[in-house]
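First up is the structure itself, then whatever we jot down about it.
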Amino acid sequence: MVGSNATALGIVFPNMYDKLVPDLTSERLMASIPFGSRYRLIDFVLSSMVNSGINNISILVRENYYSLLDHLGSGGEWDLARKNGGINIVPPFAQKNAGMYSGRIEALENILGYLKSQKEKYVVMSDCNIVANFDYNALIDAHIASGADVTVAYTKTELPQNAREADDASKGMYYTFDLDGDRVTKIYINSQTSGEKNFGINIYVMDREFLIDTVKTSFVNGGVYFERDVLLNRLDELKVCGYEFTGYVSRIDSLKGYFDENMRLLEEDNLDKLFDPAPVYTKIRDDNPTRYVSDAKASNVMVADGCVIEGTVEDSILFRGVKVGKGAVVKNCILMQDTVIEDGADVEYVISDKSVTVTEDKELKGTDSFPVFVAKRQTV
């Protein structure tokens, strides 16, 4: 891990897009969703910040955050167990008059006292529905060089089909931008137009004092969402600049999107792009190496430690502690921690949450366009 970046502090919003994947967030928040056989979504945000020297990080939780507390602990795995700075988890109602927030403005208003007491010049903000190995130092350098009031990160990409077909904007707004050079001239909310767009990835940097003043003013005027109620209405007044991120990005916008983005990591090129630039840290679970028992077959799989495989596994992602019994067949599946596929069972296009059991000789099959989801601790 690199040294401290004393110029910036981090703020993470782990609940912002929970409604996009209600199956996965019924007992957890977006930040705690397992990803890539051994990680949680928040691991990528925290690791990127720590690798950029940002070691004063506040996580503004809203609900369903027990699993996040269990995963993060004191923050030691990310080198965030510190006397000064480190990880700061802020629940709702943590301060007098603080309540449950809907958007960034409400969340930040709850911690204005904390923001005023900090020493860092800049604040970087991020959600947890984006998987990327992000260089925050490059973002901060671009922000300083441009003299912007706010710098927003984006990628050039086609709008995902799941986003364009969404019928309920209350599940989460996404943003695209028009640019003149690097300056944002227009912001679109939930655009439905086709073609390549400057698609925001909900990462922002700005001066801490500017953020404090902006939040105070906007909250008094009824503001809720930072993008809609601050940036969109003040583009002529503020200098808002864009920063193009050209690295590997996964966006979790639906259960099908979650399935697809995990499966993309079975391609070695995608795996290298996500994990090569800098390490990604996660909670340590001391476990045995995975055992492949005689007659076991495995092809194109990502398998974490602690698994026992006696059957056939193809084109699948297995999290820690998964067991596949004799004669069982697993194809095109995502099996989360401690899932058990008993002897002779046949599963295909299945997403199993933690501690699921598929009993002996059962057959459970979805399709590429509609994977079957089995909720946590269920027995099939």
Side-chain angles (χ1 to χ4, degrees), residues 5 7-19 29-31 42 45-46 48-49 54-65 68 85-130 136 139-140 143 148-153 170 172-175 184 187 189 200-235 237-241:
N5 182 342
T7 64
L9 63 88
I11 297 178
V12 180
F13 301 91
N15 283 102
M16 280 299 184
Y17 289 91
D18 289 355
K19 293 181 181 179
L29 34 61
M30 174 69 78
I42 197 168
V45 179
L46 292 183
S48 293
M49 288 187 176
I54 299 171
N55 52 39
N56 183 5
I57 302 172
S58 291
I59 302 173
L60 309 188
V61 297
R62 183 173 62 195
E63 56 190 349
N64 281 350
Y65 51 87
L68 183 67
I87 198 167
N88 175 35
I89 299 174
V90 184
F93 311 107
Q95 302 182 54
K96 185 178 180 180
N97 299 324
M100 198 80 75
Y101 67 84
S102 295
R104 265 179 266 273
I105 294 298
E106 292 178 333
L108 292 167
E109 200 277 335
N110 287 341
I111 63 163
L112 281 181
Y114 163 79
L115 287 174
K116 292 175 183 177
S117 69
Q118 301 308 295
K119 305 300 183 185
E120 290 84 355
K121 180 172 177 56
Y122 300 104
V123 174
V124 294
M125 304 192 303
S126 177
D127 293 334
C128 288
N129 67 315
I130 299 294
Y136 285 91
L139 173 66
I140 294 168
H143 175 74
D149 295 300
V150 181
T151 299
V152 302
S170 67
M173 292 182 285
Y174 63 86
Y175 306 92
V184 176
I187 299 175
I189 300 176
I201 56 176
N202 301 324
I203 295 175
Y204 305 87
V205 62
M206 67 213 73
D207 186 276
R208 180 175 57 86
E209 295 292 341
F210 168 84
L211 178 62
I212 292 170
D213 293 341
T214 299
V215 169
K216 287 168 61 176
T217 302
S218 181
F219 185 78
V220 168
N221 293 322
V224 176
Y225 300 102
F226 181 74
E227 300 86 351
R228 185 194 69 184
D229 301 325
V230 175
L231 300 186
L232 183 63
N233 295 326
R234 299 177 65 187
L235 285 178
E237 173 188 350
L238 300 176
K239 185 176 183 181
V240 180
C241 289

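Just so it is clear, the structure is predicted and the values come from calculations on it, not from any experiment.
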Problem set entry | Spacing of OH belonging to Tyr114 relative to CG belonging to Leu112, to within rounding of 0.5 Å | 12.5 Å
Problem set entry | Minimum heavy-atom distance Gly223-Ile105, with the two atoms named | O-CG2, 3.4 Å
For this session: Would you indicate whether the side-chain heavy atoms of Lys239 and Val150 approach each other to under 4.5 Å?
Result: no
Problem set entry | Partner residues of Ala153 under the side chain to side chain contact (heavy atoms under 4.5 Å, CB included) criterion, sequence neighbours left out | Phe134, Ile201, Ile203, Tyr243
For this session: Would you please name every residue forming a ring pair (Phe, Tyr, Trp, His ring centres under 6.0 Å) with Tyr122, sequence neighbours left out?
Result: His143
For this session: Provide the closest heavy-atom pair for Met125 versus Leu108 in the form atom of the first, atom of the second, distance.
Result: SD-CD1, 3.8 Å
Problem set entry | Leu29: which of Tyr65, Phe13, Tyr17 passes side chain to side chain contact (heavy atoms under 4.5 Å, CB included) | Tyr65
Seminar exercise, completed: When every non-hydrogen atom of Cys128 is compared with those of Pro14, the smallest separation belongs to SG-CA, 4.0 Å
Exercise. Are Ile59 and Ile87 side-chain neighbours, meaning at least one heavy-atom pair lies under 4.5 Å?
Worked result: yes
Exercise. Taking atom types as modelled, is there a side-chain donor on Tyr136 or Ser48 under 3.5 Å from an acceptor on the other?
Worked result: no
Problem set entry | side-chain contact (heavy atoms from CB on, under 4.5 Å) evaluation trace for Asn56 with Glu120 | CA-CA 9 Å; Asn56 183 5; Glu120 290 84 355; 3.2 Å; yes
For this session: Sequence neighbours left out, what pairs pass side-chain hydrogen bond (donor to acceptor under 3.5 Å, both in side chains) with at least one residue falling in residues 206-219?
Result: Lys121-Asp207
Exercise. Side chains of Ile11 and Leu115: closer than 4.5 Å at any heavy-atom pair?
Worked result: yes
Seminar exercise, completed: Per side chain to side chain contact (heavy atoms under 4.5 Å, CB included), Val124 is matched among Ile57, Val205, Leu9 by Val205
For this session: Please lay out, stage by stage, how Met49 and Val12 fare under the test side-chain contact (heavy atoms from CB on, under 4.5 Å).
Result: CA-CA 10 Å; Met49 288 187 176; Val12 180; 4.0 Å; yes
Exercise. Got Leu60 and Arg62 here, is their nearest side-chain heavy-atom distance under 4.5 Å?
Worked result: no
For this session: Quick one: list whatever passes ring pair (Phe, Tyr, Trp, His ring centres under 6.0 Å) with Phe226, sequence neighbours left out.
Result: Tyr204
For this session: Can you sort out the partners of Asn15 under side chain to side chain donor-acceptor pair (under 3.5 Å), two or more places apart, ordered by chain and number?
Result: Asp18
Exercise. Taking only residues two or more places apart in sequence, or in another chain, which ones meet Ile189 in a side chain to side chain contact (heavy atoms under 4.5 Å, CB included)?
Worked result: Met173, Tyr175, Arg228, Leu232
Exercise. Should Arg234 and Asp229 count as an ion pair when the cut-off is N to O under 4.0 Å?
Worked result: no
For this session: Evaluate the criterion side-chain contact (heavy atoms from CB on, under 4.5 Å) for residue pair Ile89 and Leu68; output intermediate values, then yes/no.
Result: CA-CA 10 Å; Ile89 299 174; Leu68 183 67; 5.5 Å; no
For this session: Output, in order, the C-alpha distance, side-chain angles, deciding distance and verdict of side-chain contact (heavy atoms from CB on, under 4.5 Å) for Val90 and Val61.
Result: CA-CA 6 Å; Val90 184; Val61 297; over 6 Å; no
